[in-house]
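As the structure lists them, so they are numbered: ligands from 1, and atoms in each ligand from 1.
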Amino acid sequence: MTKIIGSKQTFLEADNETAMEFLNTVADITRVPEYRKLMEYTHHNSTTRFQHCLNVAWYSFLWCKNGNLDYVSAARGGMLHDFYLYDTKEFRKTGASHNVVHPRQALSNAKKYFEVNEIMEDCILNHMWPSGKGKPHTVEGFVVSAADKYCASLEWGSKKAQQIVPLIRELIGEGDEEQ
Ligand SMILES: [Fe+2]
Ligand SMILES: [Fe+2]
């Protein structure tokens, strides 16, 4: 967890105040064993679910900090937005909607292990907008939703074109994209 996708940022420079503040904001989450299980799941075919959440949290933190918003809640909401522990491909075989179910499961897991305020709840529950069920009702919720799509694009795009085409075909066939 030293590098963020699409960014020159690393978390190895102790004199980087922004990076250190970000790490202090989310470090306790990364230490919880149940949360660390996200490292075991491949996400967007190029990374882990843990790294994806870290990527989303970083951009949510930065964009909200620049906008004088609640960047702590946005970063923590970003960390927890995909805190679900099932294999997406296996889940889709059940016929249930992954886009609707996984934000709810992430919120339930988040509440089990961490304090979740109203802004964080919005960030987690409504991050799939405009697919899924709900629409964000806080600015921070919109930012996390946008950061999720930005990171998902970078993560999917980090695969070579010939690897991406079959994946897109699979996504179109299932009509239930993963973000
Ligand atoms: Fe998601
Ligand atoms: Fe996501």
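Annotation: side chain to side chain donor-acceptor pair (under 3.5 Å) contacts of Gln105 (sequence neighbours excluded): none.
Residue His52: an N/O/S atom is found under 2.8 Å from the Fe ion (ligand 2).
At the Fe ion (ligand 1), the angle from NE2 in His127 to NE2 in His102 is 90° when rounded to 10°. Seen from the Fe ion (ligand 2), atom NE2 on His81 and atom OD2 on Asp82 lie at an angle near 80° (rounded to 10 degrees).
Of all N/O/S atoms in Asp148, OD1 sits nearest the Fe ion (ligand 2).
Taking each heavy atom of Glu121 and Val116 in turn, the nearest pair found is N-CG1, 3.7 Å.
The salt bridge (charged side-chain N to carboxylate O under 4.0 Å, His left out) analysis of residues 59-73, with sequence neighbours excluded, yields the pairs Glu21-Lys65.
No side-chain heavy atom of Ile29 sits less than 4.5 Å from a side-chain heavy atom of Tyr113.
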